[in-house]
Amino acid sequence: MSFVNADGVRLYFEETGTGEPIVFVHELNADCREWEAQVRWFSRSYRCIAFNARGYPPSDVPGDAALYGFPFVVHDIAAVVKALGISKAHVVGSSMGAYAALHFGWMHPEMALSLVVAGVGSGSPAADRAAFVAGAEASARAYLEQGAAEVAEVAGRGPARLQLLRKNPRGFEEFLSHLREHSAEGKARTLLGYQARRPSLQDFESEFSRLRVPVLLIVGDQDEPCLETTLWLKKTLPQAGLWVCPDSGHAVNLEEPAAFNRTVEDFLSAVQHRRWRC
């Protein structure tokens with residue numbers, strides 16, 4: 001197994017292929033395995049790095065919830081990039097990982113070739129904040145009281161997850177099987193230290209409005225918690241384009257891997273050839 005050190009926390013990573021580097025950053029209910037369809041495709045032409053966040057074994061599971069969340073999630077991306085001797089990388093994030101990718105873009109613009117931001121924005125609108133925080137805290141308690149395998153049956157079957165079940169039952173069961181294997185302690189601390197405490201994206205309007213890194217925003221048209229904030233980001237980020245994937249929920253990369261890969265590949269090609277104009 002391969003690890004990098006991020007301020008004393010070991011992060012597990014997998015590396016495949018050669019070429020310009022892409023770093024994949026996973027969501028709350030996934031780990032690096034959920035990027036498999038992307039790594040298999042992009043490693044033909046790119047150096048692909050997918051890593052497990054802190055709290056997701058075989059990465060370390062710090063015992064203090066205060067060691068999770070913002071800005072640690074940004075520092076961890078930077079630690080992976082630096083440890084592998086990479087000067088600049090494309091960063092592809094989903095949901096929780098997309099939140100981290102966006103902040104990586106303005107905190108480390110010198111290290112970002114481009115950003116792909118998929119399924120971001122849950123809990124950001126002011127009207128949703130209280131319910132989002134309460135839900136994260138309740139989920140953390142459930143992980144500690146019931147264990148990961150039992151909570152996976154609820155967390156994996158939310159309204160924006162069932163599209164995967166309808167489209168690809170085998171893929172959905174694989175997603176659930178990975179979710180059942182997660183560390184209950186790691187998930188609880190991620191929920192308490194990251195999800196429940198992270199600032200709203202709207203709090204960073206000034207930083208985002210000055211971001212000159214090319215950005216591709218991706219959202220499923222049935223991913224209700226993310227639509228409003230994704231549209232706000234499109235208006236706020238000066239170099240952002242938007243792809244709305246039809247008939248899709250939260251995990252577009254799992255639901256529609258071919259369309260996701262094609263859209264991201266076109267974006268990366270435009271960036272590489274300096275044709276990205278928004």
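The first residue in the sequence is number 1, and the count goes up from there. Computed over heavy atoms, backbone and side chain alike; hydrogens, waters and symmetry mates excluded.
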Visitor: If you define the side chain from C-beta out and look only at heavy atoms, does anything of L216 sit under 4.5 Å from S114?
Guide: no
Visitor: Just how far is it from atom CD of E150 to atom CD of E145, taken to the nearest 0.5 Å?
Guide: 10.5 Å
Visitor: Hey, do the aromatic rings of F208 and H103 have their centres closer than 6.0 Å?
Guide: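 Between F208 and H103, the centre distance is under 6.0 Å.
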Visitor: Applying side chain to side chain contact (heavy atoms under 4.5 Å, CB included) to L102 and L237, what does each step give before you reach the verdict?
Guide: CA-CA 10 Å; L102 266 177; L237 293 160; 4.0 Å; yes
Visitor: Do the rings of F175 and F172 sit parallel, tilted or perpendicular, given the 30° and 60° boundaries?
Guide: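 Tilted.
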Visitor: May I ask you to test the E14-I49 pair for a side-chain heavy-atom distance under 4.5 Å?
Guide: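 No, too far: nothing below the 4.5 Å cut-off.
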Visitor: Any non-hydrogen side-chain atom of L192 less than 4.5 Å from a side-chain atom of R197?
Guide: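 Result no, sub-4.5 Å side-chain heavy-atom pair not found.
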Visitor: Can you check whether P246's main-chain N or O pairs, donor with acceptor, with S248's side chain at less than 3.5 Å?
Guide: yes
Visitor: Does Y99 use its side chain to pair, donor to acceptor, with the backbone of Q195 at less than 3.5 Å?
Guide: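 Between the backbone of Q195 and the side chain of Y99 there is no qualifying donor-acceptor contact (under 3.5 Å).
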Visitor: Would you say that S269 contacts R275 through its side chain, given a criterion of any heavy-atom pair below 4.5 Å between the two side chains?
Guide: yes
Visitor: Nearest 0.5 Å, what's the NZ-OG distance between K187 and S139?
Guide: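 Going from NZ on K187 over to OG on S139, the span is 9.0 Å.
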Visitor: Would V23 and M107 show up in the same hydrophobic cluster when neighbours are defined by side-chain heavy atoms closer than 4.5 Å?
Guide: yes
Visitor: Any non-hydrogen side-chain atom of V25 less than 4.5 Å from a side-chain atom of M96?
Guide: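 V25 vs M96: side chains apart.
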Visitor: What distance separates E173 CD from L179 CG, expressed to the nearest 0.5 Å?
Guide: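 So the gap between those two atoms works out to 11.0 Å.
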Visitor: Before we go on, tell me: are the rings of Y143 and H182 under 6.0 Å apart, centre to centre?
Guide: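 No, the ring centres sit 6.0 Å or more apart.
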Visitor: Donor-acceptor pair, distance only, cut-off 3.5 Å: does the side chain of Y56 make one with the backbone of L28?
Guide: yes
Visitor: Ignoring hydrogens and angles, tell me if any N or O in the side chain of E205 forms a donor-acceptor pair with the backbone of Q202 under 3.5 Å.
Guide: no
Visitor: Is the distance between the ring centroids of F204 and F70 under 6.0 Å?
Guide: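 For F204 and F70, the ring centres are under 6.0 Å apart.
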Visitor: Are any side-chain N or O atoms of T230 and backbone N or O atoms of C226, one a donor and one an acceptor, separated by less than 3.5 Å?
Guide: yes
Visitor: So, R40 and E36, do they make that salt bridge, N to O below 4.0 Å?
Guide: yes
Visitor: Test your reading of the model: is there a side-chain donor-acceptor pair from W35 to the backbone of F51, 3.5 Å cut-off?
Guide: no
Visitor: Testing the basics here: between I77 and A101, what is the closest heavy-atom pair and its distance to 0.1 Å?
Guide: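 That closest heavy-atom pairing would be CD1-N, 4.1 Å.
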Visitor: So if you build clusters from Ile, Leu, Val, Met, Phe, Trp, Tyr with side-chain heavy-atom gaps below 4.5 Å, do V244 and L233 land together?
Guide: yes
Visitor: Angle class for the F72/H75 ring planes (parallel below 30°, perpendicular above 60°, tilted otherwise)?
Guide: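 Rings of F72 and H75: perpendicular, as their planes differ by over 60°.
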Visitor: Is R166 paired with D247 through a side-chain N to carboxylate O contact shorter than 4.0 Å?
Guide: yes
Visitor: Does M111 belong to the same Ile/Leu/Val/Met/Phe/Trp/Tyr cluster as L84, with side-chain heavy atoms less than 4.5 Å apart forming each link?
Guide: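 Yes; tracing contacts between hydrophobic side chains, which count when under 4.5 Å, links both residues.
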Visitor: If you group Ile, Leu, Val, Met, Phe, Trp and Tyr by side-chain heavy-atom gaps below 4.5 Å, do V133 and V73 land in one group?
Guide: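 Not linked; separate clusters.
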Visitor: With no hydrogens and no angle check, is any side-chain donor or acceptor of R180 less than 3.5 Å from a backbone partner on A148?
Guide: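 The answer is no, because no donor-acceptor pair under 3.5 Å joins these two groups.
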Visitor: Does K88 pair with E110 as a salt bridge, N-O distance under 4.0 Å?
Guide: no
Visitor: Could you measure the distance from the CG atom of L242 to the CG atom of L231? Nearest 0.5 Å is fine.
Guide: 6.5 Å
Visitor: Does the side chain to side chain contact (heavy atoms under 4.5 Å, CB included) test come out yes or no for Q239 and L211, once each step is laid out?
Guide: CA-CA 8 Å; Q239 293 295 323; L211 183 62; over 6 Å; no
Visitor: Give a yes-or-no answer on whether the side chains of H26 and S94 include a donor-acceptor pair shorter than 3.5 Å.
Guide: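 No, because no side-chain N or O of H26 sits under 3.5 Å from a partner of the opposite role on S94.
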Visitor: Output yes when E228 and K234 qualify as a salt bridge under the 4.0 Å nitrogen-oxygen rule, no when they do not.
Guide: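 Between K234 and E228 there is no salt bridge, as every charged N stays at least 4.0 Å from the carboxylate O atoms.
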Visitor: Find out whether the Lys NZ or Arg CZ of R10 is both under 6.0 angstrom from the six-membered ring centre of F3 and within 45° of the ring's axis.
Guide: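 R10 over F3 ring: yes.
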Visitor: What is the minimum heavy-atom distance between R161 and A155, and which atoms define it?
Guide: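 The answer is CG-O, 4.1 Å.
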Visitor: Which pair of heavy atoms, one from G123 and one from D128, lies closest together, and at what distance?
Guide: CA-CB, 4.4 Å
Visitor: Test salt bridge (charged side-chain N to carboxylate O under 4.0 Å, His left out) on E15 and R47; report intermediate values, then the result.
Guide: CA-CA 7 Å; E15 182 176 3; R47 180 185 179 187; 2.4 Å; yes
Visitor: Go through it in stages, so that I can follow the logic: the residues are S122 and F132, the test is side chain to side chain contact (heavy atoms under 4.5 Å, CB included), and I'd like the CA-CA distance, side-chain angles, deciding distance and then a yes or no.
Guide: CA-CA 8 Å; S122 296; F132 180 80; 3.8 Å; yes
Visitor: Compare every heavy atom of T229 with every heavy atom of G121, then report the nearest pair and how far apart it is.
Guide: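 Reported closest heavy-atom pair: O-OG1, 3.5 Å.
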Visitor: How close do L268 and Y46 get, heavy atom to heavy atom, and via which atoms?
Guide: CB-OH, 3.4 Å
Visitor: Would you call E174-R170 a salt bridge at under 4.0 Å N-O?
Guide: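 Salt bridge: no.
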Visitor: Counting C-beta onward and ignoring hydrogens, is there a side-chain heavy-atom pair between R54 and L11 closer than 4.5 Å?
Guide: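 Yes; the side chains approach each other to less than 4.5 Å.
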Visitor: Can any side-chain N or O of S209 pair as donor or acceptor with the backbone N or O of T236 at less than 3.5 Å?
Guide: no
Visitor: Do the side chains of N261 and E265 get nearer than 4.5 Å, heavy atoms only?
Guide: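 No - every pair of side-chain heavy atoms lies 4.5 Å or more apart.
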Visitor: To the nearest 0.5 Å, what is the distance between CG (D266) and CH2 (W243)?
Guide: 10.5 Å
Visitor: Is the shortest heavy-atom distance from the side chain of L67 to the side chain of V9 under 4.5 Å?
Guide: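 They are not in side-chain contact.
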Visitor: Any chance the side chains of Q38 and N253 put a donor and an acceptor closer than 3.5 Å?
Guide: yes
Visitor: Is Y12 linked to I22 within one hydrophobic cluster, defined over Ile, Leu, Val, Met, Phe, Trp and Tyr using a side-chain heavy-atom separation of less than 4.5 Å?
Guide: no
Visitor: Quick one: does S59's side chain have a donor or acceptor within less than 3.5 Å of a partner on N52's backbone?
Guide: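 A pair under 3.5 Å: yes.
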Visitor: Hey, could you give me the CD1/CG distance between I218 and D223, rounded to the nearest 0.5 Å?
Guide: 12.0 Å
Visitor: Ignoring hydrogens, what is the shortest heavy-atom contact between V215 and W276? Give both atom names and the distance.
Guide: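 Closest approach of V215 to W276, heavy atoms only: O-CZ2, 3.5 Å.
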Visitor: Using modelled atom types only, decide if a donor and an acceptor are shared between the side chain of D60 and the backbone of P62 within a distance under 3.5 Å.
Guide: no
Visitor: Would you find more than 12 non-hydrogen atoms of other residues, nucleotides or ligands less than 6.0 Å from W41 atom CH2?
Guide: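 It does not: W41 CH2 has 12 such atoms or fewer within range.
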Visitor: Tell me, with the steps shown, if D76 and F104 meet side chain to side chain contact (heavy atoms under 4.5 Å, CB included).
Guide: CA-CA 10 Å; D76 288 350; F104 178 82; over 6 Å; no
